[in-house]
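Inspection log for the structure reproduced underneath, given as C-alpha cells.
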Amino acid sequence: MHIIGSFISTGITRLALKRYAGFSDSKSVNIALSFSFSLGLAKEIHDSRQERNIFSYKDISANLLGSLLAYLVVK
C-alpha cells in the first residue's frame, strides 16, 4: 500500500505541476518527491504517537520506492 500510495501521490503531483501549473520538469519532480515523502513521514510520525504503534522504517523505504518508481515511469 505504501508503494502504491507514494507512486500515485508523486505521479499525480508531478503531472499537475508540470501540465497545469507550468513548472519545469526538474522543479515539478523536486516538489512532487518532497511532497510525497513529507506525506509518508507525517503518517509515520502520527503512527509512532499512537498506542502500540511504532515508526516504521520499512514503510518509509516502501514510500521511497514508490516515489522512485513514479519518477522513472511518469514523464
Side-chain angles (χ1 to χ4, degrees):
M1 293 305 291
H2 287 269
I3 292 172
I4 294 168
S6 292
F7 181 91
I8 291 170
S9 68
T10 301
I12 289 174
T13 303
R14 180 181 184 181
L15 288 175
L17 290 172
K18 188 175 176 185
R19 292 184 183 175
Y20 303 113
F23 284 87
S24 68
D25 188 50
S26 63
K27 193 167 191 174
S28 64
V29 166
N30 290 336
I31 293 170
L33 290 172
S34 298
F35 173 70
S36 182
F37 181 75
S38 296
L39 284 177
L41 183 61
K43 186 211 177 290
E44 290 309 314
I45 290 170
H46 178 274
D47 286 352
S48 71
R49 294 175 183 242
Q50 302 300 310
E51 188 174 328
R52 297 185 185 170
N53 215 335
I54 61 169
F55 185 95
S56 175
Y57 291 100
K58 182 179 172 185
D59 289 351
I60 287 292
S61 298
N63 292 341
L64 290 172
L65 179 59
S67 291
L68 176 62
L69 290 172
Y71 169 76
L72 296 173
V73 173
V74 178
K75 300 281 180 180

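When a residue number appears, it is its place in the shown sequence, counting from 1. These figures come from a predicted structure and were not determined experimentally.
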State, with a plain yes or no, whether a side-chain heavy atom of [X] is found less than 4.5 Å away from one of [Y].
X     : Y     : result
Val29 : Tyr71 : yes
His2  : Ile60 : no
Phe37 : Leu64 : yes
Val74 : Phe7  : yes

Distance, nearest 0.5 Å, that separates [atom1] of [X] from [atom2] of [Y]:
X     : Y     : atom1 : atom2 : result
Ser28 : Tyr20 : OG    : OH    : 13.0 Å
Leu72 : Ser67 : CG    : OG    : 11.0 Å
Ile31 : Lys27 : CD1   : NZ    : 5.5 Å
Asn30 : Arg14 : CG    : CZ    : 10.0 Å

Margin query: Counting neighbours of CD1 on Ile4 that are heavy atoms of other residues, nucleotides or ligands and sit closer than 6.0 Å, is the number greater than 12?
Written below: no
Next item on the list: Grab the two heavy atoms, one from Leu65 and one from Ile3, that are nearest each other, plus how far apart they are.
Entry: CD2-CD1, 3.7 Å
Check: Are the side chain of Glu44 and the backbone N or O of Ser56 linked by a donor-acceptor pair below 3.5 Å?
Finding: yes
Check: Ignoring hydrogens and geometry, is there a side-chain-to-backbone donor-acceptor pair from Ser36 to Ala32 under 3.5 Å?
Finding: no
